[in-house]
Amino acid sequence: MNQHSPATGEELKACCAAAYSSDVVALLLGDSYHPGGMALTRRLADALGIAAGDRVLDVASGRGTTALLLADAYGAGVDGVDYSAANTALAQGAAEAAGLADRLAFTTGDAERLPYPDAVFNAAVCECALCTFPDKDRAAAEFARVLRPGGRVGITDVTADPDRLPPELTGLGARIACIADARPLAEYSAILHAAGLGTVTTERHDAAMTRMIDQIEARLGLLRMTAPDRLAAAGVDVDAAGPLLAAARSAVADGALGYALLVAEKPR
């Protein structure tokens, strides 16, 4: 991407997809690419009331970690959609390896143009991804379109007060890191409400953001010592990462940055 001109929505989505399908990102973030890990995913699934036999959509499904949990632990049939074809292939392979291919299907597609018919899902989940979508209103409308009446969407996402973010947290790298275009929790709720989805539950999980920052910092330090060539090959600027992480930690402490869970429902 040209760093000197404004990126289009498609270019931003391609950048994010490329970043989140890289092996180095997997090393830095672990199995779960969002604050709170699988414990928060379970909390989200419980808040949604996901049960055996439900059909669930996992938007921005990545390598399939959440979808596998929902299929295995909750007995749901899960469709995962991700912008990265590499992630889709990895997720499908993971489903087959786990013996869950009969409950899971992964598709390469765009959250702003979901490749599914109207009103087919009992629930949808979108973890740490709405903040990266260039057209959040359109994505929310798509969530509403594919949900059945009474269906629920569950989101966990970075929250931010854009006017209070330091400059380090507003560039392209910060956007890919799910910070630069994050919104206040009330704004996410308003975006969903405008799409016809009424907020049922909101929870703050800011401490999960701090824990993830600490985890990334520790893993980055280890990789810097043990695999500097891999970091360089992936385009990770270690010298820039330190100030970015420090700025993010400070923003969480100041209340300008955080993490939240939100559940909204489509009218019956």
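Being a predicted model, the structure only gives us computed values, none of them experimental. We're numbering straight along the sequence, starting at 1.
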Selection residues 111-131 - residue pairs positive for ring-ring contact (aromatic ring centres under 6.0 Å, His included), sequence neighbours left out: Y116-F121
Rounded to the nearest 0.5 Å, what separation is found between the CZ atom of F106 and the CG atom of D58? 7.0 Å
CD-OG1 distance between Q92 and T88, expressed to the nearest 0.5 angstrom: 9.0 Å
Is the side chain of N122 donor-acceptor paired with the backbone N or O of V56 at a distance under 3.5 Å, no angle test? no
Where is the tightest heavy-atom contact between A208 and G36, given as atom of each residue plus distance? CB-N, 3.6 Å
For F143 against L192, the heavy-atom pair lying closest together: CD1-CD2, 4.1 Å
Check whether any side-chain N or O of R148 sits under 3.5 Å from a backbone N or O of V120 as a donor-acceptor pair, and report yes or no. yes
dist D137:CG -> E142:CD (nearest 0.5 Å) comes out at 12.5 Å
Has N87 got a side-chain atom pairing as donor or acceptor with D82's backbone, closer than 3.5 angstrom? no
Does some side-chain heavy atom of R55 sit less than 4.5 Å from a side-chain heavy atom of D79? yes
Once rounded to the nearest 0.5 Å, what's the spacing between atom CG of L68 and atom CZ of R63? 13.5 Å
Can you give me the closest heavy-atom contact between L104 and A67, atom names plus distance? CD2-O, 3.5 Å
Report, one line per pair, each donor and acceptor closer than 3.5 Å where one atom sits in a side chain of residues 260-268; sequence neighbours left out.
unit_1	atom_1	unit_2	atom_2	d
E265	OE1	R152	NE	2.8
E265	OE1	R152	NH2	3.3
K266	NZ	A144	O	2.8
K266	NZ	L147	O	2.6

Against T159, only a single residue in H205, R183, R204 fulfils side chain to side chain donor-acceptor pair (under 3.5 Å); can you say which? R204
To the closest 0.5 Å, what do you measure between CG (L223) and CE (M225)? 9.0 Å
Pair D161-E187, side chain to side chain contact (heavy atoms under 4.5 Å, CB included): steps then yes or no: CA-CA 10 Å; D161 181 343; E187 187 170 338; over 6 Å; no
L222 and M212: same hydrophobic cluster, using ILVMFWY side-chain contacts below 4.5 Å? no
Would you check if the side chain of S61 reaches a backbone N or O of V81 as a donor-acceptor pair within less than 3.5 Å? yes
So L57 and L114, do their side chains get closer than 4.5 Å, heavy atoms only? yes
For the side chain of T132 and the backbone of A129, is there at least one donor-acceptor N/O pair under 3.5 Å apart? yes
Looking only at atom types and distance, does a side-chain atom of D110 sit under 3.5 Å from a main-chain N or O of E112, one as donor and one as acceptor? yes
Exercise: identify the closest heavy-atom pair between R103 and G75: NH1-CA, 3.7 Å
Heavy-atom check, side chain of I213 versus side chain of M209, under 4.5 Å: yes
Quick one: does L44's side chain get under 4.5 Å of T66's, heavy atoms only? no
Nearest 0.5 Å, please: how far is CG in L165 from CG in D254? 10.5 Å
Is L70 close to V125 at the side-chain level, that is, under 4.5 Å between some pair of heavy atoms? yes
Donor-acceptor pair, Y188 side chain versus A182 backbone, under 3.5 Å? no
If you group Ile, Leu, Val, Met, Phe, Trp and Tyr by side-chain heavy-atom gaps below 4.5 Å, do F133 and I191 land in one group? no
Heavy-atom nearest pair, A71 first then L100, reads CB-CD1, 4.5 Å
Which atom names give the shortest non-hydrogen contact between A248 and L257, and what distance separates them? O-CD2, 3.7 Å
N-O pairing of R43 and E203 below 4.0 Å: yes
